[in-house]
Amino acid sequence: DKQHAFETLYEVLCLFSRLLAPILPFMAELLYQRLEAGHRPGALDSVHLEAFPVADAAVVDPDLEAGMAAVREIVNLGRGLREQHKLPIRQPLSHMEVALSHHVPASLSREPELLGYARDELNVKEIRLVEDVEQLVTLKAKANFKVLGRRLGKRMKLFAGAIAKLGSDDVRLVMDGGSIEIDGEQFGPDAIIVVQQAVGEGAVASSGEVTVRLDTAISPQLRSEYLARECISKVQQARKAAGLQVEDRIILSLQTETPELQDAIAGHAATIATEVLASELRELAMPHEQSQAAGIDFAIAIQRA
């Protein structure tokens, strides 16, 4: 994965230098000289001697692009729910369910790493695709009084009641940009507000195209993992403050009087050690720096191994 990332970055920067050449000639030349001239077989003396790039339609994958667009929307909605419910990103959550209003890109099933990106970004253990949005929410409609008030006048109350009784099929039609007729009047997306109410537990958000339900319940196991991650973050800060190099290995001491944090450290000792490059976790007879993990006091001491 690391090598693939470097190769992709190199390809993008090389292409970017050619695209940039007519606009920022000196910057483009700097990129070209550092990346290609004298380094890549067949490279010319200057980026300004290279042919301008031509789009290759053969490598465009609309389904993959649609899948990635859905992933970005899933992540945006999930982040919004985390902020709304004050759930820090280091706090792992159990799962998220996702429903797409229209066609589900085949790439979401064909390329499992796509949903993996969303899973990692949102720190959830599992993301499940569901076929019907009504597995996650019930769809209700209500009249947009601001838009319809002037138009309907005294008839507003009558039509508001009729709109509130619309079935889910009619609501979906409006969500998709269509309109419905009630007693000779047409009502489109601007006239009707779609209300989504969560089915069961969890927090729900929707962009119209994508609806997600995030399980916000925090089990003792998830809480323990969160505390361990908080400890890792504070140890990394202590490593930086001590002037250690990224590759330096350490001996780590963590002390706390809170049983919950003690259990979290003990249960995730191997993960903590791996993340902070600790060859061992043990008591150190040296001054400890005071810190906090999710509001719980603990102390850190590190020693170069």
Taking the side chain as C-beta and beyond, is there a heavy-atom pair between [X] and [Y] under 4.5 Å?
X    : Y    : result
L108 : L129 : yes
R72  : M68  : yes
R282 : S253 : no
I218 : L87  : yes
F298 : K234 : yes
E29  : H48  : yes
R151 : E185 : yes
I300 : L252 : yes

- N-O pairing of R223 and D263 below 4.0 Å: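 No, this pair does not count.
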
Rounded to the nearest 0.5 Å, how far does [atom2] of [Y] lie from [atom1] of [X]?
X    : Y    : atom1 : atom2 : answer
E225 : E230 : CD    : CD    : 12.0 Å
R128 : M96  : CZ    : CE    : 12.0 Å
S206 : L136 : OG    : CG    : 9.5 Å
Y226 : L93  : OH    : CG    : 11.0 Å

Residue of the set [options] for which side-chain contact (heavy atoms from CB on, under 4.5 Å) holds with [X]:
X    : options                : result
I163 : L148, I193, N144       : L148
L115 : D120, V98, I127        : I127
I302 : I250, V276, I251, L254 : I250

Between [X] and [Y], is there shared hydrophobic-cluster membership here, with clusters defined by ILVMFWY side-chain heavy atoms closer than 4.5 Å?
X    : Y    : value
V210 : V174 : no
V71  : L64  : yes
L139 : F187 : yes
F145 : I180 : yes

Work out which heavy atom in [X] is nearest to a heavy atom in [Y]; give both atom names and the distance.
X    : Y    : answer
L261 : C231 : CD1-SG, 3.7 Å
M286 : Q303 : SD-OE1, 4.1 Å
P105 : D63  : CA-OD1, 3.4 Å

- Message: Test your reading of the model: is there a side-chain donor-acceptor pair from T256 to the backbone of T258, 3.5 Å cut-off?
- Response: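 Looks like yes, one N/O pair under 3.5 Å.
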
- Heavy-atom count around R110 CZ within 6.0 Å, excluding the residue itself: above 12?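 Yes - once you tally the heavy atoms of other residues, nucleotides and ligands closer than 6.0 Å, there are more than 12.
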
- Could R18 and Y32 be counted as a cation-pi pair, given that NZ or CZ must be under 6.0 Å from the ring centre and within 45° of the axis?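 Ring-cation test returns no.
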
